[in-house]
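See below for the structure under consideration.
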Amino acid sequence: MALELDQTAPPSCSLTHDIVRWISQEYHDMNGSSIQTLESPPTATEFAQLVHISRPVIIKGFQIPALKRWTDNYLQTKLQDQLISVAITPNGQADAIAAGPGGMLFFVEPFIEKFSMEKLLEQLNAEQDSDNLSASYLQSQNGNMYSSRFFESPNDDSSEFGALREDVPSNIPWVTEALGRNPDAVNLWIGNSKSITSIHSDPYENIYTVIRGSKHFTLLPPCEGWCLQERMYPHAVYDHTDNSNALRVVPSSDTPQVRWSSVINPDLPGSLPPEAHPLHVTLEAGDTLYLPVGWWHYVQQSGPTTIALNWWYDAEVRGMNWIWLSLLRGSGDVPSGNDETNIR
């Protein structure tokens with residue numbers, strides 16, 4: 001099951017700015033800016049220790065069939081005319097903050113279009129060389145390869161990518177054994193250098209493997225969430241204007257506001273306070289990143305076609321860790337992203 005960090009506690013449970021800055025600096029002083037690299041996948045016991053430490057780790061040598069098989073020709077041949085769901089945005093930033101009607105800021109989800117794998121790969125190559133085309137990104141994040149239903153009733157878990165399942169394990173043995181559970185979702189991601197994932201954190205233990213291309217992560221620990229200036233934004237979606245291929249922001253009428261970081265690009269100078277300690281990681285094909293629950297991440301990619309897979313495992317909610325993550329994120333009132341003093 002997917003869990004959200006609890007935001008129902010009273011405002012008095014929020015930590016003061018001085019305390020969160022002290023926690024952030026103490027964490028950095030004790031852990032530094034290095035990221036451990038393992039030359040081969042860990043055992044279940046070793047991975048359980050990594051989860052306990054809760055710092056990102058690069059893992060080499062995690063071999064799955066997709067790494068050797070997934071050429072353009074192979075993907076097109078396997079999927080044939082199967083329609084797949086692709087996110088379309090003007091600028092490659094799906095699930096991100098954008099200006100809408102009247103200059104108001106919204107949390108905007110992408111327009112979803114269905115077409116074949118052959119067309120997706122053609123569009124990614126065309127978009128790569130043009131500033132005038134919208135951006136396509138296969139990023140549905142809903143267990144598009146395997147959902148949790150697969151482990152209860154495999155025949156009831158249909159997938160647009162069912163023909164590719166033989167190349168992708170439904171779970172990772174050393175993770176499943178260490179955590180005592182199967183994944184909540186296994187997702188496939190296909191994009192190009194225009195595709196960007198805005199900075200956010202997830203309630204999952206995340207195993208992220210690059211199949212083709214390169215992925216560039218900017219990471220911040222849970223104790224530096226205060227650096228990202230979360231705000232509340234009205235919800236919207238991209239949709240086509242009348243008789244036009246142009247996309248516009250269409251406000252939603254019955255969707256709750258969304259809590260999201262007001263930092264659009266944490267890599268830009270001045271976007272983060274000087275006390276922040278971002279980590280930068282590049283994954284090449286065959287590299288795997290263990291990204292612990294609650295870690296903030298901003299993701300870019302390079303190459304005309306970048307393909308990745310990730311396995312989301314539900315976080316452990318027993319004990320203190322979940323309460324600690326909720327407290328670090330802050331449980332008081334979150335300001336509006338459209339207050340004049342908060343627009344950046």
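Only heavy atoms go into these numbers, but all of them, side chains included; no hydrogens, no water, no symmetry mates.
- When the side chains of ILVMFWY residues are joined at heavy-atom separations under 4.5 Å, either directly or via intervening members, I59 and F217 end up in two distinct hydrophobic clusters.
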One pair to check against side chain to side chain contact (heavy atoms under 4.5 Å, CB included): W295 and N206. What are the steps and the verdict? CA-CA 10 Å; W295 274 73; N206 190 355; over 6 Å; no
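- Below 30°, between 30° and 60°, or above 60°: for F107 and W260 the angle between ring planes is between 30° and 60°, a tilted geometry.
- By the 4.5 Å heavy-atom criterion applied to side chains, R69 and K78 are not counted as neighbours.
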Under the side chain to side chain contact (heavy atoms under 4.5 Å, CB included) criterion, do K60 and D287 qualify, and how do the steps go? CA-CA 5 Å; K60 305 280 189 177; D287 290 342; 3.0 Å; yes
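- Between the side chain of S271 and the main chain of D267, no donor-acceptor pair closer than 3.5 Å is present.
- Side-chain contact between E224 and E275 is absent, with no heavy-atom pair separated by less than 4.5 Å.
- Here the straight-line distance linking atom OG of S193 with atom NE2 of H216 works out to 9.0 Å at 0.5 Å rounding.
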Do L138 and N144 pass the side chain to side chain contact (heavy atoms under 4.5 Å, CB included) test, and can you show the C-alpha distance, the side-chain angles, and the key distance before you say yes or no? CA-CA 10 Å; L138 195 156; N144 60 11; 3.5 Å; yes
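- Side-chain heavy atoms closer than 4.5 Å link hydrophobic residues (I, L, V, M, F, W, Y) into clusters, and following such links, even through other members, never connects V263 to L279.
- Hydrophobic clustering of Ile, Leu, Val, Met, Phe, Trp and Tyr side chains at less than 4.5 Å, counting indirect connections, keeps F47 apart from I58.
- You'll find the side chain of L291 stays beyond 4.5 Å of the side chain of N310, heavy atoms only.
- The CD1 atom of I190 sits 7.5 Å away from atom CG of L124, with the distance rounded to the nearest 0.5 Å.
- Considering all non-hydrogen atoms of both residues, E166 and Y74 come closest at OE2-OH, 4.2 Å.
- The residues R248 and D239 are annotated as not salt-bridged, no charged nitrogen and carboxylate oxygen being separated by less than 4.0 angstrom.
- Atom CD1 of I97 is separated from atom OH of Y233 by 5.0 Å, given to the nearest 0.5 angstrom.
- No salt bridge links K194 with E127; every basic N to acidic carboxylate O contact stays at or beyond 4.0 Å.
- Formation of a donor-acceptor pair under 3.5 Å by the S326 side chain with backbone atoms of W322 is found in this model.
- Of the possible polar contacts, one joining the Q80 side chain to the T77 backbone as a donor-acceptor pair under 3.5 Å is found.
- No donor-acceptor pair closer than 3.5 Å links the side chain of R259 to the backbone N or O of V334.
- Partner of E205 under the side chain to side chain donor-acceptor pair (under 3.5 Å) criterion, chosen from Y313, Y290, W311: Y290.
- When D157, N187, N142 are each tested for a side chain to side chain donor-acceptor pair (under 3.5 Å) with S147, only one passes: D157.
- Residues S262 and R231 approach most closely at CB-CG, 4.0 Å, considering heavy atoms.
- Using cut-offs of 30° and 60° on the angle between ring planes, the pair W189 and Y208 is tilted.
- Taking the side chain as every heavy atom from C-beta outward, E118 and E122 approach each other to under 4.5 Å.
- Closest of all the heavy-atom pairs between Y238 and P110 is CD1-CA, 4.1 Å.
- W70 and V210 are not part of a single hydrophobic cluster, where members link through side-chain heavy atoms under 4.5 Å apart.
- For the atom pair CD1 (I323) and CG (L328), the distance works out to 12.0 Å, reported to the nearest 0.5 Å.
- Linking Ile, Leu, Val, Met, Phe, Trp and Tyr residues whenever their side-chain heavy atoms come within less than 4.5 Å leaves V258 and V237 in two separate clusters.
- The two residues I172 and I207 make their nearest non-hydrogen contact at CD1-CG2, 3.4 Å.
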T218 vs N265, test: side chain to side chain contact (heavy atoms under 4.5 Å, CB included). Steps then yes/no. CA-CA 10 Å; T218 298; N265 181 352; over 6 Å; no
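- Proximity of I307 to L75: side-chain heavy atoms (C-beta onward) are separated by under 4.5 Å at one or more points.
- Within the structure, side-chain hydrogen bond (donor to acceptor under 3.5 Å, both in side chains) contacts touching residues 89-109 (residues at least two apart or in different chains) are D95-Q141, E109-H235.
- Across all their heavy atoms, A87 and I112 have their closest contact at CA-CD1, 3.9 Å.
- Across all their heavy atoms, P251 and A236 have their closest contact at CA-CB, 3.8 Å.
- Put simply, the side chain of M117 does not reach to within 4.5 Å of the side chain of Q82, judged on heavy atoms.
- Ring planes of W312 and Y204: parallel class, angle under 30° (limits at 30 and 60°).
- Using the six-membered ring where Trp is involved, W174 and F62 have ring planes that are perpendicular, over 60° apart on the 30 and 60° scheme.
- Using a distance-only test at 3.5 Å, with no hydrogens or angles considered, no donor-acceptor pair links the side chain of N171 to the main chain of P183.
- No side-chain heavy atom of R212 sits under 4.5 Å from any side-chain heavy atom of T306.
- Rounded to the nearest 0.5 angstrom, L289 CG and T37 OG1 are separated by 10.0 Å.
- The environment of D29 atom CG is dense: over 12 non-hydrogen atoms of other residues, nucleotides or ligands sit within 6.0 angstrom.
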Please determine whether side-chain hydrogen bond (donor to acceptor under 3.5 Å, both in side chains) holds for the pair H28 and S33, giving the CA-CA distance in whole Å, both sets of side-chain angles, and the decisive distance to 0.1 Å. CA-CA 7 Å; H28 181 261; S33 298; 3.1 Å; yes
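- Between V293 and N321 there is a side-chain heavy-atom pair separated by less than 4.5 Å.
- Between the side chain of S195 and the backbone N or O of N192 there is at least one donor-acceptor pair closer than 3.5 Å.
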